[in-house]
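When a ligand or atom number is given, it counts from 1 through the structure's own listing order. FYI, the numbering just counts along the sequence from 1. Values in this document were obtained by computation on a predicted structure and should not be read as measured data.
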Amino acid sequence: MSDSKNRYNNPFSATIKGISDLFKKNERIGKLSEDERLDGKRVLITGSSSGLGLAAAKELARLGAEVIMAARSGIPGTGEDVKAASGNQNIYMLFVDLSDFETIGKLITKVKETFGKIDILICNAAIVSRKARLTKYGLEEMFSVNFLAKFILVNLALKEKLFRTDDGAVPRIIFVSSESHRNPESFEWETFGEFREYGMGKSVERYGYYKLLMTTFARELSRRLNPGERVNYSVFAHCPGPVNSNIAREAPKIFRPMVKVVFGIFFRSPETACEPLVFQAAAKQQEGLRWDYMFLMSRKQIDDKASDPENGRMLWEKTERLLTENSISF
Ligand SMILES: NC(=O)c1ccc[n+]([C@@H]2O[C@H](COP(=O)([O-])OP(=O)(O)OC[C@H]3O[C@@H](n4cnc5c(N)ncnc54)[C@H](OP(=O)(O)O)[C@@H]3O)[C@@H](O)[C@H]2O)c1
């Protein structure tokens, strides 16, 4: 049994596992140097109204990128915060609700019509739901936001030829994952996409399962986009480690003061925790890589289940079928 198995089964064990991972010796693969900038690059980042995504938007802006912040809330205030913090005025905010897939299509159209091509796409938004919730599509919300929305967003962006590919640089698609993707024992192929009830006690377990789906998708995406020798797209994923963000916003009221204290003491600030994300977006040493997974600032293999091409193929087919059956465009 691997180190991470069954450590993310509930909020308490996940918190302890996250903190203990921080104290392990991890070999650093590098650090951005002063000349590794993003001037002239256009970045689209989801979940940029809060936590890791907001801190990353500020840092990407400080490095000179034009940042399109796709957000469900905080428009335009958080965009103004990013401008003020970075001194970069090329910051824009567009609405998207990742549980409402029509808004993803609208987002892609708006980006294409208003801005044109993008160089980097960062799929960062995610939730830890207190309980299973149905979306208007009859699908579970955390499954939709944490996995399905990413499949739709990336595929629509590719279909609309949203990535700049004519300047010699390889576009980068980055997924914010979690070490909790290692927790599930297996895929639930038989019941894939079916709504299933869960409560607070199982929410972290479900979160880990959806991170497994997302990480398997990311790995399969890299294979499909780069079938030959040539690298057409860099697909990266990483776990930022425990972040003192708003991720536990749905924790029961009684636990919130404790969560605040534990997060405040042991978890890393979003500004510190966004280093792997910014590194994968901007580092020269990432250029031309077809795939990469980082945990904090170290390179790591993803879980065997997520890297297995057969699982990647199965996930892709099942997801396409689910979306088609539900008349959802992707
Ligand atoms: N915090 C941790 O310890 C930790 C550890 C490992 C990985 N991560 C990953 O880090 C990423 C960022 O999370 P965070 O910790 O920064 O949490 P956060 O502060 O709660 O930020 C989550 C972001 O996702 C957005 N979001 C949620 N549901 C959405 C929806 N339906 N449509 C559009 N946007 C939506 C939120 O927007 P609103 O503000 O509008 O809700 C917010 O901007 C996630 O992928 C998470 O899984 C976090």
Side-chain angles (χ1 to χ4, degrees), residues 4 7-8 11 14-19 21-22 44-58 69-75 77-79 81-82 93-104 106-107 122-130 133 135-137 139-150 152-153 174-183 203-204 206-215 218 237-251 259-260 262-264 266-277 280 293-296:
S4 297
R7 301 290 181 83
Y8 294 92
T15 303
I16 289 165
K17 172 75 179 129
I19 295 168
D21 279 349
L22 276 182
L44 174 61
I45 176 169
T46 67
S48 44
S49 57
S50 167
L52 192 79
L54 178 57
K58 288 178 185 165
M69 300 167 62
R72 160 177 80 164
S73 66
I75 302 173
T78 49
D81 291 348
V82 173
M93 291 199 84
L94 293 178
F95 174 79
V96 71
D97 178 349
L98 296 164
S99 66
D100 180 351
F101 303 140
E102 281 151 49
T103 70
I104 302 179
K106 287 183 184 155
L107 170 73
I122 301 168
C123 299
N124 163 69
I127 52 172
V128 181
S129 301
R130 179 175 67 241
R133 284 191 291 260
T135 67
K136 67 178 185 184
Y137 305 94
L139 298 163
E140 203 277 305
E141 185 183 338
M142 183 154 57
F143 170 66
S144 300
V145 174
N146 293 15
F147 165 62
L148 271 186
K150 279 143 181 138
I152 296 167
L153 176 67
I174 301 171
F175 295 87
V176 180
S177 183
S178 160
E179 281 289 278
S180 65
H181 84 271
R182 302 180 194 281
N183 204 48
S203 63
V204 169
R206 298 314 297 161
Y207 171 84
Y209 182 60
Y210 301 142
K211 286 293 185 187
L212 170 65
L213 296 184
M214 193 203 74
T215 310
H238 66 270
C239 171
V243 191
N244 184 10
S245 66
N246 292 313
I247 195 83
R249 62 181 85 183
E250 294 195 32
V259 167
K260 204 169 167 210
V262 172
F263 274 35
F266 295 108
F267 283 28
R268 301 189 317 153
S269 71
E271 290 72 25
T272 303
C274 73
E275 189 183 4
L277 187 160
Q280 288 188 324
Y293 177 78
M294 289 168 64
F295 167 58
L296 304 172

Would you say [X] and [Y] make side-chain contact, with heavy atoms under 4.5 Å?
X	Y	value
I127	R249	no
L213	F143	yes
V204	S180	no
T15	F266	no
S49	R72	no
L22	P242	yes
V145	T135	no
N244	S269	no

Can you confirm whether the side chains of Y137 and D100 place a donor and an acceptor under 3.5 Å from each other? yes
Looking at [X], which atoms of ligand 1 are within less than 4.0 Å of one of its heavy atoms?
X	result
P242	3 (O)
P240	6 (C), 7 (C), 8 (N)
I127	27 (C), 28 (N)
V96	32 (N), 33 (C)
S99	31 (N)
G51	16 (O), 19 (O)

For [atom], what is the nearest protein heavy atom, given as residue, atom name and distance?
atom	answer
atom 5 (C) of ligand 1	G241 O, 3.2 Å
atom 46 (C) of ligand 1	Y207 OH, 3.4 Å
atom 40 (O) of ligand 1	S73 OG, 2.5 Å
atom 16 (O) of ligand 1	L52 N, 2.8 Å
atom 45 (O) of ligand 1	N124 O, 2.6 Å
atom 10 (O) of ligand 1	V176 CG1, 3.4 Å
atom 31 (N) of ligand 1	D97 OD1, 2.9 Å
atom 14 (P) of ligand 1	S245 OG, 3.3 Å

Mutual orientation of the aromatic rings belonging to F267 and F263 [parallel < 30°, tilted 30-60°, perpendicular > 60°]: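 Rings of F267 and F263: parallel, under 30°.
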Which segment of A71 sits under 4.0 Å of ligand 1 when only heavy atoms are counted: neither
For K211, which part has a heavy atom under 4.0 Å from ligand 1: side chain, backbone, both, or neither?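 Looking at K211 and ligand 1, just side chain atoms fall under 4.0 Å.
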Centres of the H181 and F175 rings: under 6.0 Å?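 Distance test on ring centres: not under 6.0 Å, no.
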Rounded at 0.5 Å granularity, tell me how far NZ in K211 sits from CG in N183.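 Spacing of NZ (K211) from CG (N183) equals 14.0 Å.
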Under 3.5 Å: N/O of [X] near N/O of ligand 1:
X	value
V145	no
V243	yes
L98	yes

Taking the basic N atoms (NZ, or NE/NH1/NH2) and the acidic carboxylate oxygens, is any pair closer than 4.0 Å for R268 and E275? no
Does A248 have a heavy atom less than 4.0 Å from any atom of ligand 1? no
If hydrogens are left out, which of G53, A125, A126 has an atom nearest to atom 22 (C) of ligand 1, that is, the closest non-hydrogen atom?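 Result: the heavy atom closest to atom 22 (C) of ligand 1 is in A126.
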